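Report on one structure; see the data block that follows.
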Amino acid sequence: MTQSNASLKTLILIFAGLYLLISVAVFLLLVALEMFFQFSFDSSAMGVVIPTLSAMQVGTMYFNRTGQRPQRGFAWKAGFSFALTSTLLGVAVFIAVYLLGLFPELDEMLREPASVAILAGILVVVSLLLSVLCRFSFGFGARQAQKVKEKMQARG
C-alpha cells in the first residue's frame with residue numbers, strides 16, 4: 001500500500017476498532033481493580049488518552065504498510081477524522097447510558113435549559129482538542145515506526 005492509495009476509510013475503521021478495544025480493556029481493568037482491590041479510578045482523562053493512543057497505533061500501522069510518514073495535509077485530515085469518530089462513539093455511549101437509565105442524575109441535569117448548550121460547547125472544545133492531539137499522535141506513531149525500521153536496518 002502506498003500513500004496515494006492508503007484509504008482514509010480503512011484507517012478510520014482501524015482507529016474505531018482500536019478505540020473500542022482499548023476502551024473495553026480499560027473498563028475491564030478498572031472494574032477488576034475495584035472488585036479485587038477496592039481501588040476506584042474516576043477520571044475523565046481517559047476520554048483523551050484512549051483516542052490519542054489509538055491514533056498513535058494507527059500511525060504506526062500506516063508507516064508499516066506504506067513505508068513512509070503521512071503528508072501533513074493527510075495527517076490533519078486523519079486527525080480530524082479520528083477525533084470525529086471518537087466523539088461520535090462517545091456521544092453514542094452517552095445516549096445509550098441515558099436511554100438505559102443507568103445514571104438517573106442525567107435526567108435532572110438535562111432538564112436545565114442551559115445544560116444542552118453547555119454540553120454542546122464542551123463537546124466542540126473537546127473535539128477540537130482531540131483533532132490536534134490525534135493529528136500529532138498519528139504522525140508521532142509513524143515517526144516512531146520509521147525510527148524502529150531505521151535501527152533494524154542499521155543493525156544489519
Side-chain angles (χ1 to χ4, degrees), residues 1-34 40-100 102-103 106 109-110 114-153:
M1 176 188 293
T2 63
Q3 187 165 354
S4 61
N5 69 3
S7 170
L8 183 59
K9 185 187 292 186
T10 302
L11 294 176
I12 292 169
L13 290 174
I14 292 170
F15 173 85
L18 285 170
Y19 179 89
L20 293 172
L21 182 69
I22 293 171
S23 296
V24 168
V26 167
F27 175 75
L28 293 175
L29 177 66
L30 293 177
V31 168
L33 284 172
E34 184 139 356
S40 71
F41 182 79
D42 189 25
S43 174
S44 59
M46 288 300 143
V48 174
V49 172
I50 293 172
T52 303
L53 290 174
S54 300
M56 193 180 305
Q57 185 59 37
V58 172
T60 301
M61 291 176 174
Y62 178 86
F63 180 82
N64 290 336
R65 288 183 178 182
T66 64
Q68 53 191 336
R69 290 173 31 196
Q71 294 178 351
R72 289 182 184 178
F74 184 77
W76 279 108
K77 193 174 183 180
F80 178 75
S81 299
F82 298 159
L84 182 62
T85 301
S86 65
T87 301
L88 292 175
L89 289 171
V91 168
V93 168
F94 181 81
I95 291 171
V97 165
Y98 176 73
L99 292 176
L100 292 172
L102 297 177
F103 292 107
L106 287 177
M109 184 181 72
L110 292 175
S115 64
V116 175
I118 292 170
L119 285 175
I122 291 170
L123 191 64
V124 168
V125 170
V126 169
S127 295
L128 291 174
L129 173 68
L130 278 177
S131 293
V132 173
L133 287 173
C134 286
R135 183 270 179 249
F136 287 109
S137 296
F138 179 61
F140 181 75
R143 186 171 53 245
Q144 290 304 109
Q146 181 181 24
K147 286 180 182 180
V148 168
K149 183 178 178 183
E150 289 170 356
K151 282 182 182 180
M152 296 298 282
Q153 289 174 343

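Here the structure is a predicted model, which means the values were calculated and not measured.
Residues passing the side-chain contact (heavy atoms from CB on, under 4.5 Å) test with Val148, sequence neighbours excluded: Met152. Every residue meeting the side-chain contact (heavy atoms from CB on, under 4.5 Å) condition with Glu34, not counting sequence neighbours, appears here in chain and number order: Ser40. Contacts of Val49 classified as side-chain contact (heavy atoms from CB on, under 4.5 Å), with partners at least two apart in sequence or in another chain: Met46, Leu53.
Contact check for Lys149 versus Asn64: no side-chain heavy atoms found under the 4.5 Å cut-off. Using a 4.5 Å cut-off on side-chain heavy atoms (C-beta onward), Trp76 and Phe138 make no contact. The closest side-chain heavy-atom distance from Val93 to Leu89 is not below 4.5 Å. Side-chain contact between Thr60 and Arg65 is absent, with no heavy atoms from C-beta onward closer than 4.5 Å.
Applying the side chain to side chain donor-acceptor pair (under 3.5 Å) test to residues at least two apart or on different chains, the pairs with a partner in residues 90-100 are Tyr98-Asp107. Listed by first and then second residue, the side chain to side chain donor-acceptor pair (under 3.5 Å) pairs involving residues 12-24 amount to none (not counting sequence neighbours).
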Residues 127-137, side-chain donor-acceptor partners within the protein, below 3.5 Å, at least two apart:
unit_1, atom_1, unit_2, atom_2, d
Ser127, OG, Thr87, OG1, 3.0
Ser127, OG, Leu123, O, 2.8
Ser131, OG, Ser127, O, 3.0
Ser137, OG, Leu133, O, 2.8

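In this structure, the separation between OG on Ser54 and CG on Leu20 is 8.5 Å, given to the nearest 0.5 Å. With values rounded to the nearest 0.5 angstrom, Thr52 atom OG1 is found 13.5 Å from Gln57 atom CD. For the atom pair CD (Glu150) and NZ (Lys147), the distance works out to 9.0 Å, reported to the nearest 0.5 Å. Interatomic distance, Ile95 CD1 to Leu100 CG, rounded to the nearest 0.5 Å: 11.5 Å. Remark: Gln71 CD to Lys77 NZ distance equals 11.5 Å, nearest 0.5 Å. Here the CG atom belonging to Leu11 is positioned 10.0 Å from the CE atom belonging to Met61, to the nearest 0.5 angstrom.
Contact detail for Arg69 and Phe63: the closest heavy-atom pair is N-CD1, 3.8 Å.
Taking the six-membered ring where the residue is Trp, the centroids of Tyr62 and Phe15 are separated by 6.0 Å or more.
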